[in-house]
**Student:** 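Mind looking over this structure? Questions follow.
Below, each value reflects all heavy atoms present in this structure, side chains not excepted, and no hydrogens, waters or symmetry copies. Just so it is clear: chains get the letters A, B, ... in the order the sequence lines come, proteins before strands, and each one is counted from 1.
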Number of protein chains: 2
Amino acid sequence: MTSSTIDRILDAAEAEFSAHGFVETSLRTITSKAKVNLAAVNYHFGSKKGLIQAVTDRFLGPLTQNLHAQLSAYEKSFSKSHNDEQELQVLLAILARSCQHVAQQNHHSLAVFARLISTAYSQSQGHLRKHLSYQYGASFLYFMKLLRKHMPEMTDEQFFWRFHYLLGILVFSLSSSEALLAICEREYASNRSLDQIMVDIVPVMASAAQAPIIGEF
Amino acid sequence: MTSSTIDRILDAAEAEFSAHGFVETSLRTITSKAKVNLAAVNYHFGSKKGLIQAVTDRFLGPLTQNLHAQLSAYEKSFSKSHNDEQELQVLLAILARSCQHVAQQNHHSLAVFARLISTAYSQSQGHLRKHLSYQYGASFLYFMKLLRKHMPEMTDEQFFWRFHYLLGILVFSLSSSEALLAICEREYASNRSLDQIMVDIVPVMASAAQAPIIGEF
DNA sequence: GTTAGTTTTAAACGCATGTTTTAAACAAAA
DNA sequence: TTTTGTTTAAAACATGCGTTTAAAACTAAC
């Protein structure tokens, strides 16, 4: 176990990034929590940006692979009578299950994932967005393609917007999960978990997906 | 117009905060965009934190006042045969309209609002959350109370989660609006606006609110 | 016109950050 | 044991930040 240093850094960085975001966590807090010298980050990852990329790559790889595998299995055993709510929920449940899957390995990865999506969509020039879609876009495009089939009455543009409204449910739930779970436990003495949130939002996203279109498109 | 300095700072700060967040925008970029001396911020607002508070107070005041006024007017002329989807949409449309209202005055206020909510829910200790609910919580609690009536079949805890899923749609749409509108124009040659997004999400949030409960609560 | 109070300006301060450097410690092969 | 390459260590570096200071400029009342 020569390079436990690398893993300790990755774990500490993931935890800190998930709790305080990328810019607001310093390399000094990461290296001190990892019990590692400050210079180790630049030595092993080149820069802070390199560390962020390593942290995200660690779960984005498994996430997209798992998602892709599940989607192709789903598509093969496809009951041709789709277009009903059941099938839509199955598809959304696949996404949820992929998220759960990566969370088993790296506990804070989903919160980091949510922060990643949020920052990608909050810079309008979209450098990060391009990088993500170039590196990991295939699986998510695959997902969108299948989702699109269940919302045939919409135009492409309407689907674009609806999809991102659904994404909002997912991203906000993930990035706020720690706070929400804490409030929930304090306020309702209920011991829920991120896993349960992921099954929770599936029917909610499904209903949101099927809401009627009334705007002046 | 002796203190146009203050307004120029507030406008520049609002624009920068909406585009790059609170921590990632420096006082130097704000003051240079406002064509104002660097020290002016500390002179007029005491600190950067004071400036952030001034920026948010400027629209949170009008927002909550408008929301409260609309809600009490709605409650007075209340068709007692509620519990149907129409009424739910009316209520959600009130929230949307209040958002539109403050956006007319300060163009980037809604994106700042979204960032405020996001940061409030991404720190689990919740200092900002407490401050916001102490200062502006009344109107939003009022809104939640009325919304609760339209979702009577849920437990309080289930309502808590569902409410925050709806909040996710709103917050993500607002904080990503600039990027999404840019993509939409480039990809679909469609000239949409934040206003249209706000009417868009009303039926989506309504459907999400009425999704069946299936989780193991 | 002088004065008193307010606002603006330029410069500096103290501090935290990411990064680099240089040497020491270590590991494994010759 | 010596040597070679890799990893760790402590210290310093450069930079950008929020903030403070002290003097200048301005405003308005007397």
Side-chain angles (χ1 to χ4, degrees), chain A residues 1-58 108 112 115-116 119-120 122-123 125 127-128 131, chain B residues 1-58 108 112 115-116 119-120 122-123 125 127-128 131:
Chain A
M1 156 153 349
T2 159
S3 65
S4 154
T5 303
I6 292 179
D7 291 327
R8 287 221 305 282
I9 291 175
L10 286 174
D11 290 339
E14 184 181 271
E16 289 300 307
F17 287 158
S18 80
H20 309 112
F22 301 114
V23 298
E24 296 188 74
T25 65
S26 69
L27 296 185
R28 281 170 173 81
T29 74
I30 291 173
T31 52
S32 79
K33 298 240 175 185
K35 293 189 202 304
V36 152
N37 187 273
L38 168 62
V41 168
N42 290 278
Y43 177 75
H44 288 289
F45 302 100
S47 64
K48 184 179 183 179
K49 194 172 176 179
L51 173 60
I52 295 174
Q53 208 158 106
V55 169
T56 56
D57 284 351
R58 188 166 65 153
H108 301 99
V112 178
R115 289 204 189 258
L116 200 65
T119 56
S122 59
Q123 49 187 21
Q125 78 274 30
H127 291 148
L128 175 58
H131 169 77
Chain B
M1 169 161 324
T2 160
S3 65
S4 154
T5 301
I6 291 180
D7 291 328
R8 286 221 307 282
I9 292 175
L10 286 174
D11 291 338
E14 185 181 271
E16 290 300 306
F17 287 157
S18 80
H20 308 112
F22 301 114
V23 297
E24 296 187 74
T25 65
S26 69
L27 296 185
R28 282 170 173 82
T29 74
I30 291 174
T31 51
S32 78
K33 298 241 174 185
K35 292 188 202 304
V36 153
N37 187 273
L38 169 62
V41 168
N42 290 278
Y43 177 76
H44 287 290
F45 301 100
S47 65
K48 185 180 183 178
K49 194 172 176 178
L51 173 60
I52 295 174
Q53 207 158 108
V55 169
T56 55
D57 284 350
R58 188 167 63 153
H108 301 100
V112 178
R115 290 204 188 257
L116 200 67
T119 57
S122 57
Q123 49 187 22
Q125 78 275 29
H127 292 147
L128 175 58
H131 170 77

**Student:** Ignoring hydrogens and geometry, is there a side-chain-to-backbone donor-acceptor pair from A/K48 to A/F22 under 3.5 Å?
**Tutor:**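 Flag set: sc A/K48 to bb A/F22 pair under 3.5 Å.
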**Student:** In whole angstrom, what separates B/I52's CD1 from D/dC17's C1'?
**Tutor:**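 In whole Å, D/dC17 C1' lies 13 Å from B/I52 CD1.
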**Student:** Which of these nucleotides, D/dA9, D/dT19, C/dG18, is closest to any side-chain atom of A/K48?
**Tutor:**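 Of the options given, the side chain of A/K48 lies nearest C/dG18.
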**Student:** With a 4.0 Å cut-off on heavy atoms, is A/T25 in touch with a base, just the backbone sugar-phosphate, or nothing at all?
**Tutor:**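 If one applies the 4.0 Å heavy-atom cut-off, A/T25 turns out to touch the sugar-phosphate alone, with no base involved.
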**Student:** Going from OG1 on A/T25 to NE2 on A/H20, what distance comes out if it is rounded to the nearest 0.5 angstrom?
**Tutor:**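 Answer for the OG1-NE2 pair, A/T25 versus A/H20, is 8.5 Å.
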**Student:** B/N42 side chain: which of D/dT7, D/dT19, C/dT19 is closest?
**Tutor:**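 Among the listed nucleotides, the one closest to the side chain of B/N42 is D/dT19.
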**Student:** Does OP1 or OP2 of C/dA16 have a side-chain N or O of A/S26 closer than 4.0 Å?
**Tutor:**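 No, outside the criterion.
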**Student:** Nearest to the side chain of A/A39, which nucleotide is it out of C/dT19, D/dT7, C/dT21?
**Tutor:**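 Selected nucleotide (nearest to the side chain): C/dT21.
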**Student:** Determine whether a donor-acceptor pair (one donor, one acceptor, N or O, separation below 3.5 Å) exists between the side chain of B/R28 and the base of D/dG18.
**Tutor:**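 For B/R28, whose side chain was compared with the base of D/dG18, there is a donor-acceptor pair (under 3.5 Å).
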**Student:** Between the side chain of B/R28 and the main-chain N/O of B/L38, is any donor-acceptor distance below 3.5 Å?
**Tutor:**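 Between the backbone of B/L38 and the side chain of B/R28 there is no qualifying donor-acceptor contact (under 3.5 Å).
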**Student:** Could you state the interatomic distance from CD (A/E24) to CD (B/Q123), rounded to the nearest 0.5 Å?
**Tutor:**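 Here the rounded value is 8.5 Å.
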**Student:** OP1 or OP2 of C/dT8 less than 4.0 angstrom from a side-chain nitrogen or oxygen of B/H44, does that happen here?
**Tutor:**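 Result: yes.
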**Student:** Would you please confirm or rule out a distance under 4.0 Å between OP1 or OP2 of D/dT7 and any side-chain N or O of A/T5?
**Tutor:**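 Answer no for this pair, as no side-chain N or O of A/T5 is under 4.0 Å from OP1 or OP2.
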